[in-house]
Amino acid sequence: MKLYLSMLLTEALGRAGLGVPDTGIQFEKPKVAEHGDVATNIAMILAKPARKNPRELAGIICDALRPLLDAGKIAAVDVAGPGFINFRYAESYIYDMLEEIIRKGSAYGRSETHRGKKINVEWVSANPTGPLHAGHGRQVCLGASLCVVLEWSGWDVTREYYFNNAGNQMQNLAITVRARYLEQCGMTPDPEDLHYAGEYVSEIGREVFVEFGDGKKDADLDFFRSRGERWCFASITRTLAVLGVRHDVFFNEDSLYRDGKITDVLRLLKEQDLAYEQDGATWLRTTAFGADKDRVIVKSTGEPTYRLPDIAYHREKLLRGYDRVIDIFGADHIATIPDVLSGVKALGLPVDHVDVIIHQMVSFVNDGEAVRMSKRSGNVYYLDDLIADVGQDAVRYFFVMRGANAHLEFDVKLAQEQSENNPVYYLQYAHARIASILRFAESQGLETGTGAELSLLCHPAEHALIKALLGFPEIVALCASTYEMQHLCTYLNTLAAEFHRFYHECRVVTEDAALSRARLALSRATKQVLANGCTLLGIAAPEKM
RNA sequence: GCGCCUGUAGCUCAAUUGGAUAGAGCGUUGGCCUCCGAAGCCAAAGGUUGAGGGUUCGAUUCCCCCCGGGCGUACCA
């Protein structure tokens with residue numbers, strides 16, 4: 001529709017002796033229904049260069065536009081407010097569109113906008129030094145939903161997890177696992193060795209003991225490292241699977257060492273004088289990229305800091321040739337981004353197509369009290385715990401219902417206690433309710449299939465519901481282009497509300513068979529859109545609850 | 001100190017990226033089931049969008065300056 005109006009407006013502007021602004025013609029959906037279904041601010045944009053009153057200009061544009069309009073699509077066009085041009089859909093248009101929704105079914109909302117283009121989304125990427133904690137949930141859910149939305153916009157999506165199975169943190173895990181294993185063998189662990197305090201490390205130690213007895217007393221750290229890594233990997237992927245999240249690629253950090261990529265990058269940086277030795281360490285000349293000071297990339301122990309493998313990893317990823325690359329990070333990792341990107345850029349790779357999504361931290365509140373999160377103390381609220389407390393659907397929904405930039409407060413108690421009033425249940429309830437209506441209709445011998453006379457739907461609540469359904473593809477596109485998933489949540493809840501209103505205003509199954517069939521068709525279409533939305537969010541769309 | 005994020009109803013957060021009367025949920029108050037799911041609907045109350053300037057037809061949104069909160073500012077990731 002916007003495309004159609006855009007064409008006509010361009011034509012009309014030409015006839016009125018006006019040009020199209022560089023920004024194109026912008027449309028928006030008026031907040032207030034009386035203002036019509038679509039509006040454009042074109043007259044206000046053009047008013048200044050044309051040195052004319054916006055309202056007057058809008059009138060001129062309208063006059064030029066009216067003869068061009070197809071009455072089957074647009075019923076009315078008028079000037080309002082400071083110079084908006086408002087359009088109102090023709091009834092036949094919304095019936096046609098409803099027909100289309102029904103025809104497209106589970107594909108309604110998909111588009112081919114980015115067909116043939118490849119995108120890589122890297123997210124989660126938590127260190128395999130323990131199970132995922134509740135705070136990881138936000139990134140898990142944001143990324144997972146984003147990937148689906150991108151696919152619905154035609155992108156060929158690669159889901160990637162950068163698996164940090166090398167470096168200092170893994171060394172600490174290995175030491176801790178060994179200490180816990182030796183504890184099983186009857187030795188008292190040195191507190192210095194217990195870098196990770198979580199109970200799970202003891203569990204790993206027990207597993208090793210069960211399998212080998214005390215036969216691994218003299219095994220080297222590599223053994224315990226790989227046992228720890230294997231356990232953590234299994235734990236993380238299991239939790240992800242519970243939430244319906246999967247990755248296509250787990251890129252192992254240690255492969256960068258094995259394949260010599262770390263040394264390659266170090267050499268390349270040194271060749272460009274972007275890395276230098278000092279005080280026994282190797283420094284990255286980040287001041288050359290505008291940073292306040294240079295940073296260490298290889299410690300005096302000879303071990304790289306995270307920056308170096310991060311640069312090497314991004315280089316490998318970019319070399320694979322994606323049209324777009326998305327990195328999702330928590331705000332606590334924000335410091336690495338400028339260094340890594342400028343490092344990669346210095347290696348001759350373009351980074352303009354890399355988008356970094358930063359999400360702010362989550363705080364968990366339980367019964368008015370902050371849930372303390374500390375890996376070292378072992379006092380951790382795990383993502384598994386959160387799922388057990390509120391359910392996977394609530395987890396998936398709550399983490400994406402707010403913008404990534406908002407500091408999210410997750411009140412666990414509230415999510416448990418008030419689950420009846422939860423937005424996610426509100427949404428699912430609408431879906432289950434429609435399913436119930438359809439079952440009832442069938443029990444009454446009503447045919448709920450095709451062939452409904454949609455023009456019988458003339459009640460305001462019916463029109464409002466249809467128009468709400470029409471907005472779905474645009475919302476999907478909006479989420480895909482802004483990377484902001486909360487728009488979908490907001491949309492789905494207003495859609496559910498619109499349905500509930502319709503339900504109260506218009507009885508679906510009545511003696512009037514023709515009207516009943518039309519309303520059943522509308523109900524089915526609503527159910528379909530709700531289900532499609534649930535698919536995008538990764539939550540269930542139940543037939544009963 | 002510096003950098004990034006943030007401040008909107010009592011609470012948690014929206015606001016289609018600069019649009020028309022700033023909206024939802026929770027909480028509070030009052031209505032609605034002889035009828036397809038009341039996990040629902042309707043209504044009321046609640047706001048100087050942290051404060052002050054600026055940009056323009058128009059600012060919650062952009063710019064400047066204060067004030068408050070979060071995260072960084074490691075030879076941890």
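Owing to the predicted nature of the structure, the values given are computational and were not obtained by experimental measurement. Chain naming here is simple, since letters A, B, ... match the order of the sequence lines and numbering starts at 1 in each.
Protein atom CD of Glu484(A) is 12 Å distant from nucleotide atom P of U17(B), rounded to whole Å. Atom CG in Leu470(A) sits about 21 Å away from atom P in U16(B), given to the nearest Å.
By the 6.0 Å contact criterion, NZ on Lys345(A) is open, its count of non-hydrogen atoms from other residues, nucleotides or ligands being 12 or less.
A salt bridge links Lys317(A) to Glu122(A): one of the charged nitrogens lies within less than 4.0 Å of a carboxylate oxygen. In this structure, Asp254(A) does not pair ionically with Arg225(A), as no charged nitrogen and carboxylate oxygen lie closer than 4.0 Å. We find that Glu442(A) and Arg439(A) are not joined by a salt bridge, their nearest charged nitrogen and carboxylate oxygen being 4.0 Å or further apart.
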>> Show, in sequence, the C-alpha distance, side-chain angles and deciding distance for Ser111(A) and Ser153(A), and conclude whether the side-chain hydrogen bond (donor to acceptor under 3.5 Å, both in side chains) test is met.
In response: CA-CA 5 Å; Ser111(A) 77; Ser153(A) 296; 4.5 Å; no
>> For Watson-Crick and G-U wobble pairs within 3.5 Å on both distances, what is RNA chain B written in dot-bracket notation, | included for inter-strand pairing?
In response: (((((((..((((.....[...)))).(((((.......))))).....(.(((..]....))).))))))))....
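Between the side chain of Asn493(A) and the base of A14(B) there is no donor-acceptor pair of N/O atoms closer than 3.5 Å.
Only the P atoms considered, G30(B) is 42 Å distant from C71(B), to the nearest whole Å. To the nearest whole angstrom, the two C1' atoms, one in G68(B) and one in A15(B), are 24 Å apart.
Remark: ring of His407(A) not stacked against base of G69(B); the cut-offs of centroid gap under 5.5 Å and plane tilt under 30° are not jointly satisfied. In this structure, Phe84(A) forms an aromatic stack with the base of A20(B), since both conditions hold: centre separation below 5.5 Å and plane angle below 30°.
Between the side chains of Tyr306(A) and Asn164(A), no donor N or O sits under 3.5 Å from an acceptor N or O.
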Please list, for nucleotides 42-44 of chain B, all pairs of protein and nucleotide N/O atoms separated by less than 3.5 Å.
unit_1: C42(B); atom_1: OP1; unit_2: Arg501(A); atom_2: NH1; d: 2.6

